[in-house]
Enquirer: 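Structure below; questions to follow.
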Amino acid sequence: MVLHPVLSREQILEQVVSNKAYYNNTQNVEDPKIEAIFSNSDEQLLAQIGYKPELKRHFSTLQAFGVAFSIMGLLPSIASILAQGLVAGPAGCLWGWVISSILILTIAISMSENGSSIPTSGGLYYWTNYYAPPRFKTIFSYLIGNTNSIALIGALCSVDYGFAVEVLSVVVIAKDGDFEITPAKTYGIFVACVLLHIAITCFSSKNCAYLQTTSIVVNLAIIVLYIIALPIGAKGNFKPAKFVFGEFDNISNWPIGWTQLSAAWLPAIWTIGAFDSVIHMSEEVKDAEHTIPIGILGSVIACGSIGTVILIITFFCIQTNDIETDILGSKFGQPLAQIIFDVLGKKWALTFMVLIAFAQFLMGASILTAISRQIWAFARDNGLPFSRIIKKVNKKLSVPINAVWFGGIMSIIIGLLVLIGTVAANALFTLYIAGNYVAWGTPTFLRLTTGRKKFKPGKFWLGPVFSPLIGWTSTIFIVFTFFMVMFPANTNPDKDSMNYTCVITPSVWIFSLIYYYVYAHKIYHGPCKTIDDVDETSSEAGIDAVIDGVDPQGDSDKVSQTNVNVLEKV
């Protein structure tokens, strides 16, 4: 007589849906044996994760830091988003930057722990798949992969849109205001910028690595010049400390409390972002377990602290008392351009705006590099339409050229929002925030809940007390930020002042789900295994034999039908 274990309904369901024949993907059924802390090399750890190396590791620790730091591009980013923060007044913008920078650091810490434990270019959706309950692994990772991809594309859109506005502001300054900025002109420059970035990113991976070093030097040089020149140009005509640290305004029709918690926080939230770009370069950096945390945390801390200094100096040097009319309503279309013009005059304003635009251009090149790696990784696991084409890597250049083109073309399409007007174009900024924050927060939330027993720390971990404390703090902040960026600029929006983020972001999920259930579920089963681990072991016999009378090595149709019958009975 054979004794069979008595399982609960939940146990039967979990065992059935974990069966190989159900998922048709051993990587999604047999948990990979990933032990980063005991790995001897990047290649060995990548093999544990399940992938063979296809990209060359050209990026040093400094260059990995440079990817995130150059994407953040402090002065260009502040120039692009300053108008949003000044709605809350100089003090509101400054303290909003400080508070949100600290909260963003909690996200960076949690992401660094995840990246040190499982460093792969697909990072966010891979971690989601790894820590999610068996029944939801595939669909959760599919949604996060799509969300992260579209969010990074939105980031490129917002960066290149900022570049287009800066270029046009240079023309306006040069012509003493005798030039009209139109949506068509802005979009034309935007498209030209994206095409140039595609060309640059299609160069070899090694050249892209050198570009990050150049970007670090350019960004720091502009910041140093700005910090020195602006106070000299002000000639002692500084605003009082009360103005800088205590002037809270509300140049909107929202209650002042909400303005201080939304508009005031937005500059830092948008600027200190895309640090997940270091994750997407995981398979091109050396000593990934150490490099990833250094690149993420170093870029966030540097941008948060240096950005605080930039804002303090900028607000001390403002030459007007009417921020709404003279700064936010500037004919240059750029608040920072007006501030520099008032302090240093036309020639210096032109010089700085040209330098800022150049740094912004480098930001776009860096972010397209990161976008292409995320898109390539997701296509490698068959997560995108035309994955077979997109996932191909140019062996000579060691660059996923098709993924670069896919990211660039999608940016040009989404960038059509620019033609609607300024308010619609601002959705490019918040689209990037909403999508990325969901993608950043989901794997951490799952690691703290359903996957807490599966988490094996890498070489960066804050321990059993501080790690979950910081993880939950980051999760709460992410939820708040997601809903915050959905709100329109005023309480009575129309088609011109609508915040299109609340339409675009849910649309990504809706169309992703439709595509998944119509077709993608046939080809996407979570992260695929492209290499056999050296120490690969067979799955436990108990899992394969959960359903009495089923032989996993036998007829697959019989197995599938048995699974269906068991599910129906349960």
Enquirer: Does Thr450 reach the main-chain N or O of Tyr131 with its side chain, forming a donor-acceptor pair under 3.5 Å?
Expert: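 Here the side-chain-to-backbone pair exists.
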
Enquirer: Considering only distance and modelled atom types, tabulate donor-acceptor pairs under 3.5 Å from the side chains of residues 87-95, sequence neighbours left out.
Expert:
unit_1 : atom_1 : unit_2 : atom_2 : d
Trp95  : NE1    : Phe245 : O      : 3.0

Enquirer: Work out which heavy atom in Leu46 is nearest to a heavy atom in Arg57; give both atom names and the distance.
Expert: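 In this case the closest contact between Leu46 and Arg57 is CD2-NH2, 4.1 Å.
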
Enquirer: Ring centroids only, cut at 6.0 angstrom: are Tyr130 and Phe455 within range, meaning strictly under it?
Expert: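 Centroid distance Tyr130-Phe455: not below 6.0 Å, so no.
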
Enquirer: Under the ring-ring contact (aromatic ring centres under 6.0 Å, His included) rule, collect the residues that match up with Trp127, sequence neighbours excluded.
Expert: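 For Trp127 there are no ring-ring contact (aromatic ring centres under 6.0 Å, His included) partners, ignoring immediate neighbours.
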
Enquirer: Closest approach of Ser305 and Ile301, non-hydrogen atoms and distance?
Expert: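 Residues Ser305 and Ile301, closest heavy atoms: OG-O, 2.8 Å.
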
Enquirer: Quick one: pull up OG1 in Thr120 and NE2 in His280 and give me the separation to the nearest 0.5 Å.
Expert: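 Reported value, rounded in 0.5 Å steps: 10.5 Å.
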
Enquirer: Any donor-acceptor pair under 3.5 Å linking the side chain of Ser77 with the backbone of Met72?
Expert: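 Yes; judged by distance alone, with no hydrogens or angles, the pair exists.
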
Enquirer: Within a reach of under 6.0 Å around CZ of Phe477, are more than 12 heavy atoms found that belong to other residues, nucleotides or ligands?
Expert: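 Yes.
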
Enquirer: Is the backbone N or O of Ser60 less than 3.5 Å from a side-chain atom of Lys286, with the two atoms forming a donor-acceptor pair by type?
Expert: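 Not at all, since once roles are kept as given, no pair shorter than 3.5 Å links the two residues.
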
Enquirer: I need the Ile310 CD1 to Leu82 CG distance, nearest 0.5 Å.
Expert: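 So the CD1 of Ile310 and the CG of Leu82 are separated by 11.0 Å.
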
Enquirer: Keeping the roles fixed (side chain from Asn146, backbone from Tyr142), state whether a donor-acceptor pair exists under 3.5 Å.
Expert: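 Yes, because the side chain of Asn146 sits within donor-acceptor range (under 3.5 Å) of the backbone of Tyr142.
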
Enquirer: Within the 4.5 Å heavy-atom criterion, are Asn219 and Leu74 side-chain neighbours or not?
Expert: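 A side-chain contact under 4.5 Å is absent here.
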
Enquirer: Output yes when a side-chain donor or acceptor of Thr106 lies under 3.5 Å from a complementary backbone atom of Ile102, and no otherwise.
Expert: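 Looks like no, no N/O pair under 3.5 Å.
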
Enquirer: Using a distance-only test with no angle check, is there a side-chain donor-acceptor pair under 3.5 angstrom linking Ser149 and Tyr125?
Expert: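 No.
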
Enquirer: I'd like to check Val438 versus Trp509 (side-chain heavy atoms, cut-off strictly below 4.5 Å). Are they in contact?
Expert: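 Yes, side chains in contact.
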
Enquirer: Going by side-chain contact (heavy atoms from CB on, under 4.5 Å), Ser110 matches just one of Pro443, Ser467, Ser474. Which one?
Expert: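 When side-chain contact (heavy atoms from CB on, under 4.5 Å) is applied between Ser110 and each of Pro443, Ser467, Ser474, only Ser474 qualifies.
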
Enquirer: Is it true that a side-chain atom of Ser117 and a backbone atom of Pro457 form a donor plus acceptor pair closer than 3.5 Å?
Expert: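 A pair under 3.5 Å: no.
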
Enquirer: Distance check, rounded to the nearest 0.5 Å: Ile296 atom CD1 versus Leu105 atom CG?
Expert: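 With rounding to 0.5 Å, CD1 (Ile296) is 11.0 Å from CG (Leu105).
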
Enquirer: If I compare all heavy atoms of Phe275 with all of Ala108, which pair ends up nearest, and what's the gap?
Expert: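 Shortest heavy-atom separation between Phe275 and Ala108 comes out as CE1-CA, 4.0 Å.
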
Enquirer: Can you list the steps and then say if Trp265 with Leu103 is a side chain to side chain contact (heavy atoms under 4.5 Å, CB included)?
Expert: CA-CA 10 Å; Trp265 288 23; Leu103 292 171; 3.8 Å; yes

Enquirer: For Ala268 versus Ser101, what's the shortest heavy-atom pair and its separation?
Expert: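 In this case the closest contact between Ala268 and Ser101 is CB-OG, 4.0 Å.
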
Enquirer: Looking at CG of Leu469 and CZ of Phe466, how far apart are the two atoms once the value is rounded to the nearest 0.5 Å?
Expert: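 That separation rounds to 7.5 Å.
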
Enquirer: With the side chain counted from C-beta on, respond yes when Phe59 and Thr291 share a heavy-atom pair under 4.5 Å apart, and no when they do not.
Expert: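 No, side chains not in contact.
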
Enquirer: Leu462 versus Glu113: any side-chain heavy-atom pair under 4.5 Å?
Expert: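 Result yes, sub-4.5 Å side-chain heavy-atom pair found.
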
Enquirer: Describe, in one word, how the ring planes of Trp258 and Phe480 are oriented to each other, choosing from parallel (under 30°), tilted (30 to 60°) and perpendicular (over 60°).
Expert: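 The rings of Trp258 and Phe480 stand perpendicular, inter-plane angle above 60°.
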
Enquirer: Please report the C-alpha distance between Ser252 and Thr259 in whole Å, then the side-chain angles of each, then the deciding distance to 0.1 Å, and finally whether the side-chain hydrogen bond (donor to acceptor under 3.5 Å, both in side chains) criterion is met.
Expert: CA-CA 8 Å; Ser252 76; Thr259 300; 3.1 Å; yes

Enquirer: Indicate whether any N or O donor in one side chain lies under 3.5 Å from an N or O acceptor in the other, for Thr61 and Asp287.
Expert: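 No, Asp287 and Thr61 have no side-chain donor paired with an acceptor closer than 3.5 Å.
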
Enquirer: Which distance, rounded to the nearest 0.5 Å, do you find between the CD of Gln260 and the CG of Asp249?
Expert: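 One gets 8.0 Å once the value is rounded to the nearest 0.5 Å.
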
Enquirer: What are the two closest heavy atoms between Leu156 and Ser411, and how far apart are they?
Expert: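 Result for this residue pair: CD2-OG, 3.1 Å.
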
Enquirer: If we count only N and O atoms by modelled type, under 3.5 Å, do the side chains of Tyr516 and Thr138 hold a donor and an acceptor together?
Expert: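 The criterion, which ignores hydrogens and geometry beyond distance, is not satisfied for Thr138 and Tyr516.
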
Enquirer: How about Trp270 and Ser158: do any of their side-chain heavy atoms sit closer than 4.5 Å?
Expert: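 Yes, their side chains come closer than 4.5 Å.
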
Enquirer: Angle between ring planes, Phe136 versus Phe140, binned at 30° and 60°: parallel, tilted or perpendicular?
Expert: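 Phe136 and Phe140: parallel rings.
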
Enquirer: Grab the two heavy atoms, one from Ile269 and one from Ile104, that are nearest each other, plus how far apart they are.
Expert: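 Scanning both residues, the minimum pair turns out to be CA-CD1, 3.8 Å.
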
Enquirer: Any side-chain to backbone donor/acceptor pair from Glu43 onto Lys52? Under 3.5 Å, distance only.
Expert: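 Such a contact is absent between Glu43 side chain and Lys52 backbone.
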
Enquirer: Do Ile109 and Phe460 have side chains that get closer than 4.5 Å, going by heavy atoms?
Expert: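 Counting from C-beta outward, Ile109 and Phe460 do come under 4.5 Å.
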
Enquirer: Looking only at atom types and distance, does a side-chain atom of Gln360 sit under 3.5 Å from a main-chain N or O of Val159, one as donor and one as acceptor?
Expert: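 Yes: the side chain of Gln360 pairs with the backbone of Val159.
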
Enquirer: Any sub-3.5 Å donor-acceptor pair from Gln84's side-chain atoms to Ile81's backbone N or O?
Expert: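 No; judged by distance alone, with no hydrogens or angles, the pair does not exist.
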
Enquirer: Would you confirm whether Ser282, through its side chain, and Ile279, through its main-chain N or O, come within 3.5 Å as a donor-acceptor pair?
Expert: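 Here the side-chain-to-backbone pair exists.
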
Enquirer: Any heavy-atom pair between the side chains of Thr442 and Thr147 that's under 4.5 Å?
Expert: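 Heavy-atom side-chain distance check fails, nothing below 4.5 Å.
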
Enquirer: For the atom pair CD1 (Ile478) and CD1 (Ile107), what is the distance rounded to the nearest 0.5 Å?
Expert: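 The distance works out to 4.0 Å.
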
Enquirer: So Asn382 and Lys391, do their side chains get closer than 4.5 Å, heavy atoms only?
Expert: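 In short, these two side chains touch, coming nearer than 4.5 Å.
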
Enquirer: Might you work through the side chain to side chain contact (heavy atoms under 4.5 Å, CB included) test for Phe487 and Ser262, ending with a clear yes or no?
Expert: CA-CA 9 Å; Phe487 281 76; Ser262 57; over 6 Å; no

Enquirer: Please walk me through it: do Ile216 and Leu62 pass side chain to side chain contact (heavy atoms under 4.5 Å, CB included)?
Expert: CA-CA 9 Å; Ile216 293 173; Leu62 178 64; 3.9 Å; yes

Enquirer: With Ile292, which of Ser116, Pro119, Ser112 fulfils side-chain contact (heavy atoms from CB on, under 4.5 Å)?
Expert: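 Of Ser116, Pro119, Ser112, side-chain contact (heavy atoms from CB on, under 4.5 Å) with Ile292 is met by Pro119 alone.
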
Enquirer: Please lay out, stage by stage, how Thr505 and Ile150 fare under the test side chain to side chain contact (heavy atoms under 4.5 Å, CB included).
Expert: CA-CA 9 Å; Thr505 305; Ile150 201 69; over 6 Å; no

